[in-house]
A.B. asks: 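This is the structure I want to talk about, given as structure tokens.
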Amino acid sequence: MIFGKLLPATYRWPTVLSSSFILPRFSNARLFFRNVAFVAIVCLCVTALSGGATPSDSTFKEVKIDHVWSGTTVRFGGLVHEGYAYVAYYDAERWLTVAKVNMTAVGAPVEKMRLPSHFGGWDAHNSTVLSVDNEGILHVSGNLHGGRLVYARGTKPWSLVGLSELRQMTGRAEEQSVSYPTFLHLADGRLAFIFRSGGSGDGSWYANVMEPTGAWRPLVNGALFGNNWFGQGTSGYPSNFKQDTDGFWHVALVWRMNPDVSTNQRVSYARSRDLVSWTTSSGRAISTPLSPTNIDVVDDIGMGQGLLNNVVVGIDNENRPLISYSHYDAHGHNQGYIARPKDGGWQRALVTDWQGKWRVQGKGTLPGNIGFDSPVQLERCCILFYAAQWRVGRQVVKLNASTFDVMERGQRPDIVPPSFRRLRTAGLSGGVSRIFPLSDRRGDETTSLLRWESLRSNADQPHPCSEAEMPPCAPPASELTILVPK
């Protein structure tokens, strides 16, 4: 799956696209401008169209955590706080594990806690997520793709104590078939948990909230996002939830009719301050569950048109959503598009000039051939549109902020030194280097990066191999480390 966004919130590094789902990454943008990394990232925005210096190894120090299962491109979650990193991952024997790492002292002992949840090893959807509540208690979930909720919470602030025991949340029936677990901090400080119940083509999304007593309850009665497409089954695939300076959360959705990604259709949109009361872009109230029948239609793309469910939302200077997405153009080429509300409708534009057709079809995790980071507006002049494509690599396109006309195209520099992109694990031929930013306690991404290596995706199936070539079936463990800026 492709994740990512750059200003005005925080930086994301593109990774691997999942054809079945783009895992929502919920970020609170309000604190970022207080981060000292802001100046450096702004410089990257400005120089992205003209190249930029390649960072060296001395930019980061590397802190070791553990060795991890490298069989699939599943993503690990984690956060940093007061010099420590807390990371949820699958260890070399595939057990869901949480580590507490001292990032200031290279070589310091690493605390680890195994959870009683064992990863099957091939499904790239089974990401791990880790968050913290207002009391500093850690909350962990993961190893889920249509399975019974896997959830643990600590018993002491900023401690791994208590994580070895799995717990229920509300105990409702929807928690028996969970996918894509995600934690989110609400405006009043409460911790929310959002997940899909059901399957691709027939799944609804639900939200729980933790009260000050520590008890979880449903945030809304029934589903948050429904599973009904004008009388037929469907499932929504939401973007990142993006918060603006007025406190609104913005979300775009793509709807799928069955597990085949080719049945994706219609880019939709809604907004809310509390995830309970929702409106369209024009302010018309919407009742939950949100569905294709009651929310904004951004672009009514039909099935078989190459629509990916990796839609990403940014915010312009007027707190309007900027939505990036991809589908085939009139000539059958995959292209990137941008949209935002304007004059009661939607302003849309083709942004990229890519050549070639990658057929968007099939089940399971597909290669990460196309992806986006959140678009960013720079002052009044222009919008920066960030994309990655299998032939041209990482791009940034400068758009006129009013008309969306293309002003300039360029390659986007990589802030990670090349040595960290190169594979180190012996025997992991054809693998990829996995690098993700860690978040702070509020969900804002930091400049510390999590790094490990894995095999490439294989539609969530074991890699074929023979007795003469065993590593793809039993790949060597790779080292999990943190890259800490010096």
Side-chain angles (χ1 to χ4, degrees), residues 1-5 14 16-22 48-49 236-240 252-257 260-269 292 296-314 316 320-342 345-362 366-376 382-412:
M1 41 194 91
I2 292 277
F3 298 87
K5 51 178 180 251
V16 179
L17 167 68
S18 163
S19 68
S20 294
F21 179 61
I22 297 304
L49 296 169
Y237 287 83
S239 68
N240 57 312
L253 297 101
V254 168
W255 305 89
R256 185 179 298 178
M257 307 309 290
D260 194 314
V261 67
S262 67
T263 64
N264 281 351
Q265 58 181 321
R266 183 175 289 184
V267 181
S268 303
Y269 164 83
D296 274 346
V297 178
V298 176
D299 202 341
D300 201 8
I301 302 160
M303 290 187 290
Q305 298 304 306
L307 177 62
L308 290 167
N309 47 286
N310 62 345
V311 179
V312 175
V313 177
D316 73 6
R320 295 176 297 182
L322 295 167
I323 302 174
S324 298
Y325 58 103
S326 176
H327 63 86
Y328 302 143
D329 65 13
H331 303 288
H333 302 296
N334 308 83
Q335 300 290 2
Y337 297 80
I338 193 169
R340 74 175 166 203
K342 184 177 181 180
W346 286 85
Q347 178 186 9
R348 298 185 295 267
L350 168 64
V351 177
T352 59
D353 59 354
W354 298 333
Q355 299 295 309
K357 183 173 184 175
W358 168 47
R359 293 189 178 277
V360 179
Q361 62 184 22
L366 299 186
N369 287 346
I370 295 172
F372 305 100
D373 289 356
S374 293
V376 172
C382 51
I383 290 168
L384 298 182
F385 178 93
Y386 297 97
Q389 194 254 17
W390 75 97
R391 288 182 173 175
V392 302
R394 297 155 51 87
Q395 285 189 309
V396 56
V397 183
K398 185 178 180 180
L399 306 175
N400 181 289
S402 176
T403 64
F404 284 162
D405 290 338
V406 174
M407 302 169 65
E408 193 175 355
R409 302 181 193 275
Q411 293 301 115
R412 181 175 171 187

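This is a predicted model, so every value here is computed, not measured.
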A.B. asks: Can a cation-pi geometry be assigned to Arg256 and Tyr237, taking NZ or CZ under 6.0 Å from the six-membered ring centre and within 45° of the ring axis?
C.D. replies: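 Yes, Arg256 lies over the aromatic ring of Tyr237.
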
A.B. asks: Tell me every residue that passes side chain to side chain donor-acceptor pair (under 3.5 Å) with Ser326, counting only those two or more places apart in sequence or in another chain.
C.D. replies: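 Expected list: none.
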
A.B. asks: Please answer whether the main-chain N or O of Gly336 pairs with a side-chain N or O of Thr352 as donor and acceptor at a distance below 3.5 Å.
C.D. replies: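 Yes.
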
A.B. asks: Keeping the roles fixed (side chain from Gln305, backbone from Leu307), state whether a donor-acceptor pair exists under 3.5 Å.
C.D. replies: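 A pair under 3.5 Å: no.
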
A.B. asks: Roughly how far, to the nearest 0.5 Å, is CG of Asn240 from CG of Asp373?
C.D. replies: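 The CG atom of Asp373 sits 10.0 Å away from the CG atom of Asn240.
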
A.B. asks: Kindly write out the residues that satisfy salt bridge (charged side-chain N to carboxylate O under 4.0 Å, His left out) with Asp299, not counting sequence neighbours, or none if the list is empty.
C.D. replies: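 Per chain and number, Asp299 pairs via salt bridge (charged side-chain N to carboxylate O under 4.0 Å, His left out) with Arg348.
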
A.B. asks: Suppose we screen for side chain to side chain donor-acceptor pair (under 3.5 Å). Which residues come up paired with Gln395, at least two apart in sequence or across chains?
C.D. replies: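 Testing Gln395 for side chain to side chain donor-acceptor pair (under 3.5 Å), a comparison that skips the adjacent residues, returns Trp354.
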
A.B. asks: With sequence neighbours excluded, what pairs up with Arg320 under the salt bridge (charged side-chain N to carboxylate O under 4.0 Å, His left out) test?
C.D. replies: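 Arg320 satisfies salt bridge (charged side-chain N to carboxylate O under 4.0 Å, His left out) with Asp316, Glu318 only.
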
A.B. asks: Please list, chain by chain and in numerical order, all residues satisfying side chain to side chain contact (heavy atoms under 4.5 Å, CB included) with Gln347, sequence neighbours excluded.
C.D. replies: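 Checked Gln347 against side chain to side chain contact (heavy atoms under 4.5 Å, CB included); matches are Arg340, Lys342, Phe404.
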
A.B. asks: Can you sort out the partners of Tyr337 under side chain to side chain donor-acceptor pair (under 3.5 Å), two or more places apart, ordered by chain and number?
C.D. replies: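 Here no residue qualifies.
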
A.B. asks: Please name all residues satisfying side chain to side chain donor-acceptor pair (under 3.5 Å) with Ser262, sequence neighbours left out, ordered by chain then number.
C.D. replies: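 Listed in chain order: Asp260.
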
A.B. asks: Could you list all the salt bridge (charged side-chain N to carboxylate O under 4.0 Å, His left out) pairs where at least one residue sits in residues 349-359, not counting sequence neighbours?
C.D. replies: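 For residues 349-359: Asp353-Arg409.
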
A.B. asks: Between Phe372 and Tyr325, does the ring-ring contact (aromatic ring centres under 6.0 Å, His included) criterion hold? Intermediate values first, please.
C.D. replies: CA-CA 8 Å; Phe372 305 100; Tyr325 58 103; 8.1 Å; no

A.B. asks: Measure the acute angle between the ring planes of His333 and His331, then classify it against the limits of 30° and 60° as parallel, tilted or perpendicular.
C.D. replies: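 Answer is tilted, since the angle falls between 30° and 60°.
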
